[in-house]
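This report concerns only the one structure given below.
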Amino acid sequence: MSDSADLGFLGGPVFEVAPRLLGAVLRHAGVAVRITEVEAYDGADDPASHAYRGETPRSSVMFGAPGHLYVYFTYGMHHCCNVVCGETGRASAVLLRAGEVIDGIETARARRPGASDVALARGPALLCRTLDIDLAQNRVDLAAGDVTLTPASAPSGTVQTGPRVGVRHGADLAWRFWLAGEPTVSTHRPASVRRPAAGR
DNA sequence: CTACCGATATTCT
DNA sequence: GAATATCGGTAGA
């Protein structure tokens, strides 16, 4: 892995890229995480995607070339990290939802005191915090070396699919992928729909 | 273990 | 003003 030429697969269709990211290793700021859970977002046809309503300052990187990171700030306090994939202009991306820390475990623990090892990156915002990824990493090229992605050389386990988490539109689509039996996969949180404006 | 609720930036209505 | 690709604290079983 002396070069990153093997990231070319990121330019393929998002539903082929997403499962191939399972088992890949993302490294930044002294910590490496093996990806165990992802979700696919297809800007052209996906009402849940940030790119669905067109290009905005936040989502513009999704409309660019594959192989870049799309990091966004949400709920006023959390970061989430995506890998832009698909053809340039397709505006599709894969959200990295969870992973297993395989290097820099001491650094990761120091960033999240009190958390158990399997919970260090169990959730998209936690994964970003453990890897110290924030808006400074938005739009970075994975080939540039600040953040590196090492694809899995072989299947890392059984891939399962299911509905995406936390989305209201397109929630019935099985666009979430994870590795069966991995304890680091985030528990399915059924997006407890807030009650309609009834009493409160 | 499950369930609810608050914090709050970006975007849309 | 309202919704959102979330998490952590608190309450209860």
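Chain identifiers are assigned alphabetically (A, B, ...) following the order of the sequence lines, protein sequences preceding nucleic acid strands; residue numbering begins at 1 within each chain.
Note on residues 10-29 of chain A: pairs passing ring pair (Phe, Tyr, Trp, His ring centres under 6.0 Å), not counting sequence neighbours, are A:Phe15-A:Trp175. Counting only residues at least two apart or in different chains, side-chain hydrogen bond (donor to acceptor under 3.5 Å, both in side chains) contacts with residues 107-119 of chain A comprise A:Arg109-A:Asp117. Applying the ring pair (Phe, Tyr, Trp, His ring centres under 6.0 Å) test to every pair with at least one member in residues 41-60 of chain A, sequence neighbours left out, gives these pairs: A:His50-A:Tyr72. For residues 78-134 of chain A, every residue pair satisfying the ring pair (Phe, Tyr, Trp, His ring centres under 6.0 Å) rule, not counting sequence neighbours, is listed here: A:Phe73-A:His79. Judged as a ring pair (Phe, Tyr, Trp, His ring centres under 6.0 Å), not a single pair has a partner in residues 145-169 of chain A (not counting sequence neighbours).
A donor-acceptor distance shorter than 3.5 angstrom exists from the side chain of A:Thr130 to the backbone of A:Leu126, with no hydrogens or angles considered.
Between A:Ser49 and A:Met62 the shortest side-chain heavy-atom distance falls below 4.5 Å. Looking at A:Leu120 and A:Ile105, their side chains come closer than 4.5 Å, going by heavy atoms from C-beta outward.
Put simply, CG on A:Leu126 is 11 Å from P on C:dG9, counting in whole angstrom units. Regarding A:Asn138, its CG atom lies at a distance of 13 Å from the C1' atom of B:dT10, rounded to whole Å. In this structure, A:Leu135 places its CG atom 14 Å from C1' of B:dT8, rounding to the nearest Å. We find that CZ of A:Arg176 is positioned 12 Å from C1' of C:dA5, with the value rounded to whole Å. Atom C1' of nucleotide C:dC7 and atom CG of A:Leu127 are separated by 14 Å, given to the nearest angstrom.
The salt bridge (charged side-chain N to carboxylate O under 4.0 Å, His left out) check on A:Asp141 picks up nothing, with sequence neighbours excluded. Remark: A:Arg27 pairs with A:Asp103 by the salt bridge (charged side-chain N to carboxylate O under 4.0 Å, His left out) rule, at least two apart or across chains. Every residue meeting the salt bridge (charged side-chain N to carboxylate O under 4.0 Å, His left out) condition with A:Asp45, not counting sequence neighbours, appears here in chain and number order: A:Arg90.
Toward the 5' end of DNA chain C, the nearer of the two residues A:His169 and A:Arg112, judged by each one's closest nucleotide, is A:His169.
To the nearest 0.5 Å, atoms CZ (A:Arg139) and CG (A:Leu69) are separated by 11.5 Å.
Contacts between residues 40-58 of chain A and DNA chain C, counted as heavy-atom distances below 4.0 Å, involve A:Tyr41, A:Ala48, A:His50. Proximity of residues 64-79 of chain A to DNA chain B (heavy atom under 4.0 angstrom from any strand atom) is restricted to A:Phe73, A:Tyr75, A:Gly76, A:Met77. Across residues 11-33 of chain A, not one residue has a non-hydrogen atom less than 4.0 Å from an atom of DNA chain B.
If you run side-chain contact (heavy atoms from CB on, under 4.5 Å) between A:Arg164 and each of A:Leu173, A:Leu95, A:Asp172, only A:Leu173 comes through.
To the nearest whole angstrom, the two C1' atoms, one in C:dG8 and one in B:dT10, are 22 Å apart.
In this structure, of C:dG8, C:dA5, C:dT6, it is C:dG8 that holds the atom nearest to the side chain of A:Arg129.
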Counting Watson-Crick and G-U wobble pairs with both distances under 3.5 Å, what is the dot-bracket string for DNA chain B, 5' to 3', using [ ] for crossing pairs and | for pairs to another strand? |||||||.||||.
